[in-house]
Protein chains: 2
Amino acid sequence: MNNRLKELRAQRRWTQADLADKLEVSRQTVNAIEKGKYDPSLPLAFKLARLFDSPIESIFQEETLEPSR
Amino acid sequence: MNNRLKELRAQRRWTQADLADKLEVSRQTVNAIEKGKYDPSLPLAFKLARLFDSPIESIFQEETLEPSR
DNA sequence: CTCAAATGTAAAGCTTGCTTGACTTTAATT
DNA sequence: AATTAAAGTCAAGCAAGCTTTACATTTGAG
């Protein structure tokens, strides 16, 4: 699962710790999700969507298999 | 978290087992999510969104606190 | 009413998401 | 070069999502 967190966070000039506070999760959780170590829970994805005022699908994209041409 | 799974599934006349097959999860998982026992993982929410060709936000809604009037 | 399919429920166990605490690395500033 | 904030990483532990097996209840067709 790819995501645009780093980009969205940078636009707002928030640190990972800032974002963690707003989401009410730990800084390590934000870091792990940003780095793609794991996917957020659905409730956390909703919080991110609200915070960034964007649909979940615009923040997270399933990496789909490349068509083999 | 509320969801419209039962409704969407009924529209297509699929059983919980049918849906479980398409999602590649167990029937009990479909049942539990439909009944609101727990939220799906984000990847599973994406599978549902693709299957029902609907945004995640249109399938799942965070139940927000009622304004106290 | 009967029978079968569908739905609901429960327990035990594995995997994944998230926490805290601690430490290291990177990048920017002086 | 030294300092500091931010980012990255690791380990141990708890919580949530999902599995399998098994059984009970509900629904609907005949």
Side-chain angles (χ1 to χ4, degrees):
Chain A
M1 184 97 62
N2 299 319
N3 71 71
R4 301 196 308 128
L5 286 190
K6 187 167 185 174
E7 171 191 349
L8 292 166
R9 185 172 61 78
Q11 286 175 1
R12 288 158 179 78
R13 294 181 169 67
W14 292 341
T15 66
Q16 291 182 349
D18 291 337
L19 179 52
D21 282 349
K22 293 175 200 297
L23 296 171
E24 301 178 288
V25 297
S26 70
R27 180 182 68 80
Q28 287 83 340
T29 293
V30 168
N31 185 270
I33 293 171
E34 221 172 77
K35 303 234 77 187
K37 295 212 174 178
Y38 51 74
D39 298 320
S41 66
L42 186 58
L44 186 49
F46 265 92
K47 277 195 176 187
L48 282 160
R50 277 192 281 128
L51 199 53
F52 290 129
D53 195 29
S54 309
I56 291 179
E57 281 91 344
S58 93
I59 304 180
F60 296 92
Q61 299 89 31
E62 293 179 296
E63 60 261 40
T64 150
L65 277 322
E66 278 302 310
S68 47
R69 274 186 299 113
Chain B
M1 183 97 62
N2 299 319
N3 72 70
R4 301 197 305 128
L5 286 191
K6 187 168 186 173
E7 171 192 348
L8 292 166
R9 184 172 61 79
Q11 285 173 2
R12 288 158 179 79
R13 292 180 171 69
W14 292 341
T15 66
Q16 292 183 348
D18 291 338
L19 179 54
D21 282 349
K22 293 174 200 297
L23 296 170
E24 302 177 288
V25 296
S26 70
R27 179 182 68 79
Q28 286 80 346
T29 292
V30 168
N31 185 271
I33 293 172
E34 219 171 80
K35 302 231 80 187
K37 295 212 174 176
Y38 51 73
D39 298 320
S41 66
L42 186 58
L44 186 49
F46 265 92
K47 277 194 175 188
L48 282 160
R50 277 193 280 128
L51 199 52
F52 290 130
D53 194 27
S54 309
I56 291 179
E57 282 90 344
S58 93
I59 303 179
F60 296 92
Q61 299 89 31
E62 294 179 295
E63 61 260 39
T64 152
L65 279 318
E66 277 302 312
S68 49
R69 275 188 296 110

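In what follows, chains are A, B, ... by sequence order, proteins preceding strands, each numbered from 1.
Scanning atom types as modelled, no donor and acceptor separated by under 3.5 angstrom connect the side chain of Q28(B) and the base of dT7(C).
Counting to the nearest Å, the P atom of dT19(C) and the CG atom of D21(A) are 11 Å from each other. As a whole-Å value, the separation of E24(A) CD from dT19(C) C1' is 14 Å. For the pair N31(B) CG and dC23(D) P, the interatomic distance rounds to 18 Å; values are reported in whole Å. Look at CE on M1(B): it is 13 Å from P on dA16(D), rounded to the nearest Å. Taking atom OH of residue Y38(B) and atom C1' of nucleotide dG17(C), one finds them 15 Å apart after rounding to whole Å. As a whole-Å value, the separation of L44(B) CG from dT15(C) C1' is 15 Å. Remark: C1' of dG8(C) and CG of L19(B) are 16 Å apart, rounded to the nearest angstrom. In this structure, NZ of K37(B) is placed 15 Å from P of dC18(D), rounded to the nearest angstrom.
OP1 or OP2 of dA7(D) has at least one side-chain nitrogen or oxygen of R9(A) nearer than 4.0 Å. At dG17(D), none of the side-chain N or O atoms of T29(B) fall inside 4.0 Å of OP1 or OP2 (strictly under the cut-off).
Of the two residues near DNA chain C, P43(B) and K35(B), the one whose nearest nucleotide lies more 5' is K35(B). For the pair S41(A) and R27(B), both in contact range of DNA chain C, the more 5′-proximal nearest nucleotide belongs to R27(B).
Considering only side-chain atoms of V25(A), the nucleotide from dG8(C), dA10(C), dT19(C) that sits closest is dT19(C). Of the candidate nucleotides dT20(C), dT7(C), dC18(D), dT20(C) has the atom nearest to the side chain of S26(A).
Among the candidates R27(A), K6(A), E34(A), the single residue satisfying the side chain to side chain donor-acceptor pair (under 3.5 Å) test with Q16(A) is E34(A).
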* To do: Give the intermediate values and the outcome of side-chain contact (heavy atoms from CB on, under 4.5 Å) for residues R50(B) and E62(A).
  => CA-CA 11 Å; R50(B) 277 193 280 128; E62(A) 293 179 296; 2.8 Å; yes
* Asked: Does the side-chain contact (heavy atoms from CB on, under 4.5 Å) test come out yes or no for I33(B) and D39(B), once each step is laid out?
  -> CA-CA 6 Å; I33(B) 293 172; D39(B) 298 320; over 6 Å; no
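Remark: the Q61(B) side chain and the N2(B) side chain contain no N/O donor-acceptor pair separated by less than 3.5 Å.
Other residues, nucleotides and ligands place no more than 12 heavy atoms under 6.0 Å from the CD atom of E24(A).
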